[in-house]
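Structure first, commentary second.
In what follows, chains are A, B, ... by sequence order, proteins preceding strands, each numbered from 1. As the structure is a prediction and not an experimental result, all values here were calculated from the model.
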Number of protein chains: 2
Amino acid sequence: MQDDGPRLTPTSYIVLGLLAWFGDSTPYRLKQVAATSVGNFWTLQHAQLYTEPERLAAAGYVTVQRERGGRRRKLYAITNLGREALGHWRAEPAGEVAELRDQAILKLFFGADPAALGPPQIEAHDAKLAEYERIRASLPDDVPAGVRLALEAGMDHERQQIAWWKQAMVAGDGDSG
Amino acid sequence: MQDDGPRLTPTSYIVLGLLAWFGDSTPYRLKQVAATSVGNFWTLQHAQLYTEPERLAAAGYVTVQRERGGRRRKLYAITNLGREALGHWRAEPAGEVAELRDQAILKLFFGADPAALGPPQIEAHDAKLAEYERIRASLPDDVPAGVRLALEAGMDHERQQIAWWKQAMVAGDGDSG
DNA sequence: CCTATCATGTAATCCGTTACATGATTAT
DNA sequence: ATAATCATGTAACGGATTACATGATAGG
């Protein structure tokens, strides 16, 4: 029954989840696997992948082991406590729904011109969608179902954004109807 | 050409935007107008509406004036510099597209069961959509176009989320075809 | 009058970002 | 060998969240 320490954030669960999934890892490896997986819809600063495991270690959710020779780099491993925490988080319903927090919408809200804002938005969402499509095409068959689902959620979202911006651009000028 | 001071964040522009729109305000008033407008898709902590104007004042984007009598509360007003900054921000295209950063998707990604996660998500998104619909019904005719657009962006997003989760729930168990 | 809630603000903490710094590997 | 890049980490800073605190107003 040790000190809870600071609370677990989404960042914490990403680290725990990656450690559970890919096994013991150094921060650099975490960075690599994050970049090609969860990083597609939830990016982390590389420094976080060094500091967050340290926080988790202090609270007993992971263990550290430092190499003796050479680079003396740190290898992190998830503990039973960590697995438990991950399991609980995964099983609980997500609290509130995520907010949009889209700066482009914020700009619109405060009077930006949709005809000016739209094209770069559409282009960016298109690019993101294309990237998702590439990833999906290269996904091995045995990839966990949730990974594929998350990817498809992203694709669906991008498609919706593209459609919405296209519609918003034309709705702004004519207003016929 | 004075000191730039700290950089302007979305929070800064929300404060500037509200001051430009609703005129000189106390933090509490900002809190109120934020809650019923931009707060629907970008919430702020109430403390931010006390500290952020202070930061902006230090950099010359707003001015403060303290009441002489009674509560001695602070009244903030946007300056020309502030209006200029707001105008530039509004005119520039938004940088990167906003990330999903949806904890529910994160849970899916790490193996949560969509059949368990789905219903509360759908319920929450339904509630949010209903709220948006109520707001839109009560919107005065002369409301700025961007406000209505932002609201509709939110509604469209909620509808997409609802549809996606419904589909994700059934796709998980049968997998027929 | 007392209590609850509204209004107003400051302080402490924590996390995320940015910047700095340096030890290994690889390429030329 | 030297330069460039990869790998690894720490430190400083700033902004957001949380907690604290108190003065006004309204309701009982």
### Query
Which whole-number value in Å describes the distance from Leu49(B) CG to dT18(D) P?
15 Å
### Query
Between the side chain of Arg90(B) and the main-chain N/O of Gly111(A), is any donor-acceptor distance below 3.5 Å?
no
### Task
Check the distance between dT17(D)'s P and Glu99(A)'s CD and give it to me in whole angstrom.
9 Å
### Query
Looking at Trp42(A) versus Tyr13(A), is the centre-to-centre ring distance below 6.0 Å?
no
### Task
Report yes or no: is there a donor-acceptor pair, N or O only, under 3.5 Å between the side chain of His46(B) and the base of dG9(C)?
yes
### Message
Students often get this wrong, so: under 4.0 angstrom with heavy atoms, is Thr51(A) touching a base, only sugar-phosphate, or nothing?
### Response
nothing
### Query
For the pair made of CZ in Arg29(B) and P in dG9(C), what is the distance, rounded to whole Å?
15 Å
### Message
Let's see if you can work this out: which of dT18(C), dT18(D), dA16(D) has an atom nearest to the side-chain heavy atoms of Glu52(B)?
### Response
dA16(D)
### Query
Out of dC15(C), dT8(D), dT10(C), which has the shortest distance to the side chain of Thr9(A)?
dC15(C)
### Query
Whole Å only: how far is the CD atom of Gln65(B) from the C1' atom of dT8(C)?
18 Å
### Query
Within 45 degrees of the axis of the six-membered ring of Tyr132(B) and under 6.0 Å from its centre: does Lys128(B) put its NZ or CZ there?
yes
### Message
Strictly below 4.0 Å: does Lys74(A) bring a side-chain N or O up to OP1 or OP2 of dT10(D)?
### Response
yes
#### Entry: Qualifying residue for side chain to side chain contact (heavy atoms under 4.5 Å, CB included) with Ser25(B), from Leu30(B), Val15(B), Leu18(B)
Leu30(B)
### Task
Go through dG9(D), dA19(D), dG9(C) for me and flag the one nearest to the Pro27(B) side chain.
dG9(C)
### Task
Could you check how far CD of Gln48(B) sits from C1' of dA11(C), rounded to whole Å?
16 Å
### Task
Would you mind reading off the distance between Lys31(A) atom NZ and dC6(D) atom P, rounded to a whole angstrom?
9 Å
### Message
Can you measure Leu30(B) atom CG to dT8(C) atom P for me and round it to whole angstrom units?
### Response
11 Å
### Query
Taking only N and O in the side chain of Gln45(A), is any of them less than 4.0 Å away from OP1 or OP2 of dT17(C)?
yes
### Query
Is the shortest side-chain N/O distance from Arg55(A) to OP1 or OP2 of dC15(C) below 4.0 Å?
yes
### Query
Hey, which of these two, Arg101(B) or Glu54(B), hits DNA chain C nearer its 5' end, going by closest nucleotide?
Glu54(B)
#### Entry: Rounded interatomic separation in angstrom, taking OH from Tyr13(A) and C1' from dC15(C)
15 Å
### Message
Counting only heavy atoms not in Gln65(A) (residues, nucleotides, ligands), do more than 12 fall under 6.0 Å from its CD?
### Response
no
